[in-house]
Amino acid sequence: MTRIEPEFFLRDDVIKIACELIGCSIHTNINGHKVSALVTETEAYNGVHDKAAHSYDGRFTERTRTMYRPAGIAYVYLCYGIHHLFNVVVGQQGDPKAILLRAIWPLSGMEVMHSRRGKELLEHKIGSGPGTSSEALGIKTSHNGTDLQGDVIWLEERIVQPKENDIIVGPRIGVDHAEEDAELPYRFRLLPSTTKQLLNGALVEDRIHGNP
DNA sequence: CAAACGATTTTCT
DNA sequence: GAAAATCGTTTGG
């Protein structure tokens, strides 16, 4: 499979990139544990003009510093004191845009994911939210700033090709405070049934049992 | 320096 | 449906 290059993330249209990431795969190699999963849900955070973004109105703090760094690195922050939320920084350096990974579908490394999550969960429950996705992948705030061209966390090009109608577009979750921007259609997702269809037959078995 | 709070998840009623 | 868990970041005095 082909790794996604920095140019992909360097573009300005964070909304488009968030949509294009659906169907790509995310890979981690952490503490000797290799894991991979399909990206099934993302949210775009559109920089300084987006009231839902940490970087709204140019806010530059110790935490948001990462969003101003070059495209193609990880922005990981702690949410509610418990959850390590993983984002990809996109756009021109200094233009603080990011995409939140909100859900994944496991492809390989099921046992590792199960042990990290503490249970033998069904496939659609392994990474059914941004916090659980990071947990399954082993991503923590210590990975903040990680270059996605390295060998710890990376993304690869689409392994399934969703049709336009396969991707459900709607408002983002948990951003009610963002006034009019709370309703923007910046959330993209595949339903579990659609995901299963796209990953059908032998391919699924291969991936779940660890073949690249 | 104190206090409030959050791009969430799980559990309990 | 309500509430707890839990802590770094942010903001205000």
Side-chain angles (χ1 to χ4, degrees), chain A residues 9 13-22 24 26 37 39-69 71-91 95-106 113-146 148 153 155 167-190 192:
Chain A
F9 302 112
D13 192 345
V14 60
I15 319 301
K16 186 178 183 192
I17 302 174
C19 185
E20 290 177 359
L21 281 176
I22 301 296
C24 294
I26 182 165
V39 175
T40 58
E41 183 173 335
T42 59
E43 276 177 3
Y45 286 86
N46 194 14
V48 298
H49 303 300
D50 181 355
K51 289 187 176 177
H54 291 158
S55 54
Y56 172 61
D57 201 25
R59 223 166 43 229
F60 186 91
T61 64
E62 193 52 40
R63 180 177 65 164
T64 64
R65 170 192 306 281
T66 308
M67 296 183 76
Y68 294 80
R69 294 184 54 202
I73 66 171
Y75 169 44
V76 188
Y77 72 94
L78 191 65
C79 187
Y80 294 101
I82 303 172
H83 306 292
H84 301 242
L85 304 204
F86 170 82
N87 303 248
V88 185
V89 175
V90 305
D95 188 12
K97 296 171 177 170
I99 296 165
L100 172 67
L101 179 70
R102 278 202 65 90
I104 58 174
W105 186 277
M113 297 198 201
H114 281 150
S115 79
R116 284 175 176 154
R117 296 277 285 109
K119 304 175 184 172
E120 292 233 343
L121 295 159
L122 298 176
E123 289 165 310
H124 74 282
K125 287 281 191 185
I126 288 278
S128 54
T132 57
S133 294
S134 285
E135 187 174 26
L137 292 165
I139 297 174
K140 309 207 199 65
T141 54
S142 57
H143 297 104
N144 185 39
T146 299
L148 302 183
I153 308 171
L155 288 149
I167 299 180
I168 299 172
V169 183
R172 293 170 292 185
I173 301 299
V175 296
D176 294 345
H177 58 87
E179 301 174 30
E180 71 272 17
D181 288 348
E183 299 156 36
L184 292 171
Y186 286 181
R187 180 188 185 206
F188 303 91
R189 63 187 166 125
L190 293 179

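Numbered from 1 within each chain, the chains take letters A, B, ... in sequence-line order. These figures come from a predicted structure and were not determined experimentally.
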More 5' along DNA chain B: E43(A) or K119(A), using each one's nearest nucleotide? E43(A)
Report the distance from atom CG of D181(A) to atom P of dA7(B), rounded to the nearest whole Å. 14 Å
What's the closest nucleotide to the side chain of T132(A) if the choices are dT11(C), dA7(B), dT10(B)? dT10(B)
I need the CD1-P distance between I82(A) and dG8(C), as an integer number of Å. 12 Å
Under the 5.5 Å and 30° test, is Y45(A) stacked on the base of dA7(B)? yes
Rounded to whole angstrom units, what separation is found between the OH atom of Y75(A) and the P atom of dT9(C)? 10 Å
What integer distance in Å separates L78(A):CG from dC5(B):P? 17 Å
If I take atom OH from residue Y186(A) and atom CG from residue D181(A), how far apart are they, to the nearest 0.5 angstrom? 7.0 Å
Between R117(A) and dT10(B), does any side-chain N or O lie under 4.0 Å from OP1 or OP2? yes
Mate of dA7(B) where both pairing distances stay under 3.5 Å, Watson-Crick or G-U: none
Flag the pair W105(A) / E41(A) as yes when at least one side-chain heavy-atom distance between them is below 4.5 Å, and no otherwise. no
Could you walk me through whether E43(A) and R172(A) pass the salt bridge (charged side-chain N to carboxylate O under 4.0 Å, His left out) check? CA-CA 7 Å; E43(A) 276 177 3; R172(A) 293 170 292 185; 5.5 Å; no
In whole Å, what is the span from the CD1 atom of I126(A) to the P atom of dT10(B)? 11 Å
Between R63(A) and dT10(C), is there a contact of a side-chain N or O with OP1 or OP2 at under 4.0 Å? yes
Between R102(A) and dT8(B), is there a contact of a side-chain N or O with OP1 or OP2 at under 4.0 Å? yes
Rounded to whole Å, how long is the line connecting atom CG of L100(A) with atom C1' of dT9(B)? 14 Å
Chi angles and distances behind the side-chain contact (heavy atoms from CB on, under 4.5 Å) call for H83(A), T132(A): CA-CA 8 Å; H83(A) 306 292; T132(A) 57; over 6 Å; no
Euclidean distance, atom CZ of residue F60(A) to atom C1' of dT9(C) [Å, nearest integer]: 14 Å
D50(A) side, atom CG; L184(A) side, atom CG - distance, nearest 0.5 Å: 6.5 Å
Any donor-acceptor pair under 3.5 Å joining the side chain of H54(A) to the base of dA7(B)? yes
Looking at dT10(C), I'd like to know if its phosphate oxygens (OP1 or OP2) sit under 4.0 Å from a side-chain N or O belonging to T61(A). yes
Nearest to the side chain of H83(A), heavy atoms from C-beta on, is which of dT8(B), dG8(C), dT11(C)? dT8(B)
Return no unless some side-chain N or O of H177(A) is found under 4.0 Å from OP1 or OP2 of dA7(B). yes
Report the distance from atom CZ of R172(A) to atom P of dG6(B), rounded to the nearest whole Å. 15 Å
P130(A) side chain: which of dT6(C), dT10(C), dT9(B) is closest? dT9(B)
